[in-house]
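One structure is given here, and the rest of the page talks about it.
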Amino acid sequence: MSMRTIRQLPYEHDELFKGEISRRIPYHRMYGKSYCVPALTVYRESELAELQTASEAVHRIYRKVQQFVQRYMPDEYLVERLGIHPGLLRAARMEAEPDGITRQDWIVGEAGIKCIENNTDTPTGIPEVAYLEGKLLEVLSRDGISADDNALHGPSSGMDEAIQSALTELIHFYSRKGLGTKVYFTCYDWHIEDQTNTKYIMHLCEQAGFEVVYAPLEELEIIPNEGLHHRGEQIHILYRLYPLEYLIDDREEDTGLEVGQALMDMVADGKIGLINPPQHIITQSKGFTATVWSLYERNEQTPEFCGFRLFDDRELEVIRTYLLPTYFEPSVFMQNKEPYVAKGIWGREGKGTHLIEHPQSEEMLKGALGEVEPAQTDNPDLLHQADGPRTPEQEEAVHIAAYYEGQPKIYQRLWPMQSAEVQTEEGLFHGYVLTGIFVIGGRFAGVLPRIGEKVTGDMAYYCAAAVATVPPNPPVI
């Protein structure tokens, strides 16, 4: 299999990620190592064109299935199959909101391109794509490294505008419901990556002409029967970089007040507008991916259930071409001895994800209960370390690992990733490329390439996207 082309820039990390770049992307180093690398992931124009068309087509299918789930699937399905907390159901079933900010994860390679996940609740990586990609290409152009670099351009130059357009549509939607146009932006203030992502979007919203306030989660206050407040001011529109599956379980330490439930009740009652909208919790669940495939396989049966055929022939072709078989149990893959992936339904950054590259037999059906073997992941198996004293950091890591490992799982056909080599501060890294595609307001907006292990975790490197313009055919002499 061919490797992805990486255009290494002739700079050391600290030569490039300094000054304005360092201020705008303060997490260019994370976890004690570089996160952003001085290199570019090069895509062909034909690849980018297909990714643009495919990501928008897949997004339309996701929206269609989301509405189908809202209208036709019982609460039990949302709770048991999608893993949605019962306290989120009323808000999750709200309809008609415009689209927000989403990021699909794609594998791009010789075997074809496949969308393997959809991040719709709290997608990050926005400043890297909207700002840093263009900055790196600007540096390359300014320094005139080589003639070949003139043929490189960025695929994400319209992302700022796409974010502003989507936010404007959402704010006006909420304004028509009597919630005004002032937007509060929240996340954990101590989390530098989340804070940077949140403030980046906040500044774009301000540039679009709206009044904005940064209100860290630590400063928000729920007053029962009144509303959500920040420093005495009531909040009616809230952008939150905080997952709903976490929020719903939040309680006040002193009083035991279920603040998460109180907030979601206000959302369901139309007193607060959320960005991203609460319906995104449906598509965030990896159980949703299995739902799409189940409906695809049963498309001819849907008229008996709801009176119409859910997918037309064009949509069936999109699903067949760009999505992967995904189920709530692994027996199909085991019977066929076909490699597959097991994923926790709320897994993030590769946590709770395992590769089963060599299925043995149906005796492994215990995998359906979450006891997946053999499991191959790039994350340390913290749950099965030898007993012994642990540091507080290790205890926290074990707690996090247990949270993700204990979730219900879905099972997806394993698709080969394209390899790549990139020079880092730690030396030459040989890994695999995962291509994030931002779809904002329903339209393609940007590309987030990461190079990591076969399971892309939070230790993966961001290697900005660039598109190589195909030179014209030489004249025939």
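Note that this is a predicted model, so its numbers are computed, not measured.
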May I ask you to test the W293-Q412 pair for a side-chain heavy-atom distance under 4.5 Å? no
Would you find a donor on one side and an acceptor on the other, under 3.5 Å apart, between the side chain of N119 and the backbone of R103? yes
Can I get a per-line list of side-chain donor-acceptor pairs under 3.5 Å for residues 122-133, giving both atom names and the distance, sequence neighbours left out?
residue : atom : partner : partner atom : Å
T122    : OG1  : R348    : NH1          : 3.0
E128    : OE1  : Y27     : OH           : 2.6
E128    : OE2  : Y35     : OH           : 2.6
Y131    : OH   : E20     : OE2          : 3.4
E133    : OE1  : S156    : OG           : 2.7
E133    : OE2  : S156    : N            : 3.0
E133    : OE2  : S156    : OG           : 3.4

Pair E193-N197, side chain to side chain donor-acceptor pair (under 3.5 Å): steps then yes or no: CA-CA 6 Å; E193 183 183 3; N197 273 261; 4.7 Å; no
Rounded to the nearest 0.5 Å, the CG atom of L140 sits from the OH atom of Y11 at a distance of 6.5 Å
Please determine if K135 forms a cation-pi arrangement with F17, meaning its NZ or CZ atom is less than 6.0 Å from the six-membered ring centre and no more than 45° off the ring axis. no
Any donor-acceptor pair under 3.5 Å from W415 side chain to A111 backbone: no
Just so I know, are the side chains of V139 and L9 near enough to count as touching, which here means a heavy-atom distance under 4.5 Å? no
Rounded distance [0.5 Å steps], CG in L88 versus CG in D265: 10.0 Å
Knowing that exactly one of V37, T41, L40 qualifies, which makes a side chain to side chain contact (heavy atoms under 4.5 Å, CB included) with I6? T41
Quick one: NE2 on H28 to NE2 on H13, what's the gap to the nearest 0.5 Å? 5.0 Å
For salt bridge (Lys or Arg N to Asp or Glu O under 4.0 Å), just list the numbers for D14 and R29, CA-CA rounded to whole Å, side-chain angles, deciding distance to a tenth of an Å, and then say yes or no. CA-CA 10 Å; D14 289 339; R29 279 198 182 92; 2.8 Å; yes
If you measure only the distance, is there a donor-acceptor pair under 3.5 Å linking the side chains of Y214 and D189? yes
Could you pull out the closest heavy-atom pair between L167 and C205, with the gap in Å? CD1-CB, 3.9 Å
Would you indicate whether the side-chain heavy atoms of E258 and M264 approach each other to under 4.5 Å? no
May I ask you to check whether over 12 heavy atoms, not counting those of K33, lie within 6.0 Å of atom NZ? yes
Would you say the ring centers of H280 and Y62 fall short of 6.0 Å from each other? no
For residues 429-443, tabulate all N or O donor-acceptor pairs below 3.5 Å that involve a side-chain atom, not counting sequence neighbours.
residue : atom : partner : partner atom : Å
H430    : ND1  : E421    : OE2          : 3.4
T435    : OG1  : Y43     : OH           : 2.8
R443    : NE   : E56     : OE2          : 3.3

After noting the C-alpha distance and the side-chain angles of T289 and E117, does the key distance pass the side chain to side chain contact (heavy atoms under 4.5 Å, CB included) rule? CA-CA 7 Å; T289 310; E117 287 187 10; over 6 Å; no
Taking the side chain as every heavy atom from C-beta outward, state whether H59 and R63 have any pair of such atoms under 4.5 Å apart. yes
Would you please say whether a donor-acceptor pair under 3.5 Å links the side chains of E426 and Y461? yes
With distance as the sole test, does Q66 use its side chain to make a donor-acceptor pair with the main-chain N or O of I282 at under 3.5 Å? no
Answer yes or no: is there a side-chain heavy-atom contact under 4.5 Å between E45 and T469? yes
Could you check if a side-chain atom of I101 sits within less than 4.5 angstrom of a side-chain atom of I201, using non-hydrogen atoms only? yes
Identify the heavy atoms of A215 and Y184 that sit nearest to each other, and give their distance. CB-CD2, 4.0 Å
Distance-only, no hydrogens or angles: does the R44 side chain make a donor-acceptor pair with backbone N or O of A468 under 3.5 Å? no
Could you tell me the separation between the CD atom of E453 and the CE atom of M417, rounded to the nearest 0.5 Å? 10.0 Å
For a 4.5 angstrom cut-off between non-hydrogen side-chain atoms, does D105 reach R450? yes
State the CE-CE distance between M459 and M30, to the nearest 0.5 angstrom. 9.0 Å
Would you find a donor on one side and an acceptor on the other, under 3.5 Å apart, between the side chain of E161 and the backbone of G158? no
Start with the C-alpha distance between D121 and R240, add both sets of side-chain angles, then the distance that settles salt bridge (Lys or Arg N to Asp or Glu O under 4.0 Å), and finish with yes or no. CA-CA 9 Å; D121 188 36; R240 41 91 213 168; 2.8 Å; yes
In this structure, which one of D194, T186, D250 forms a side chain to side chain contact (heavy atoms under 4.5 Å, CB included) with Y242? D250
Heavy-atom nearest pair, K343 first then I116, reads NZ-O, 3.2 Å
Between I410 and G287 the two heavy atoms that sit nearest each other are CG2-CA, 3.8 Å
Within-4.5 Å side-chain heavy-atom neighbours: Q284 and W346: yes
Criterion side chain to side chain contact (heavy atoms under 4.5 Å, CB included) on Q261 and I248, from CA distance to verdict: CA-CA 5 Å; Q261 186 64 70; I248 191 62; 3.6 Å; yes
Backbone of D458 reached by a side-chain donor or acceptor of K351 within 3.5 Å: no
Check: T53 side chain, A49 main-chain N or O, donor-acceptor pair, under 3.5 Å: yes
Are Q279 and E97 linked by a side-chain donor-acceptor pair shorter than 3.5 Å? yes
Minimum heavy-atom separation for L179 and H236, please, with both atom names. O-CB, 3.3 Å
For T102 and T120, indicate whether the former's side chain and the latter's backbone hold a donor-acceptor pair under 3.5 Å. no
Are L48 and F444 close enough, and set up right, to give a side chain to side chain contact (heavy atoms under 4.5 Å, CB included), and what steps lead you there? CA-CA 10 Å; L48 180 65; F444 169 91; 3.7 Å; yes
Evaluate the criterion side chain to side chain contact (heavy atoms under 4.5 Å, CB included) for residue pair V318 and V58; output intermediate values, then yes/no. CA-CA 7 Å; V318 170; V58 166; 4.1 Å; yes
Check whether any side-chain N or O of T196 sits under 3.5 Å from a backbone N or O of I25 as a donor-acceptor pair, and report yes or no. no
Minimum heavy-atom distance G427-Q423, with the two atoms named: C-NE2, 3.4 Å
Could you check whether atom CD of E252 has more than 12 heavy atoms from other residues, nucleotides or ligands sitting under 6.0 Å from it? yes
Between S22 (side chain only) and G19 (backbone N and O only), is there a donor and an acceptor less than 3.5 Å apart? no
Under a 3.5 Å cutoff, is there a donor and acceptor pairing between the side chains of Q164 and D160? no
Rounded distance [0.5 Å steps], CG in L16 versus OG in S34: 12.0 Å
Between the side chains of H230 and E219, is a donor N or O closer than 3.5 angstrom to an acceptor N or O? yes
Counting only heavy atoms not in K271 (residues, nucleotides, ligands), do more than 12 fall under 6.0 Å from its NZ? no
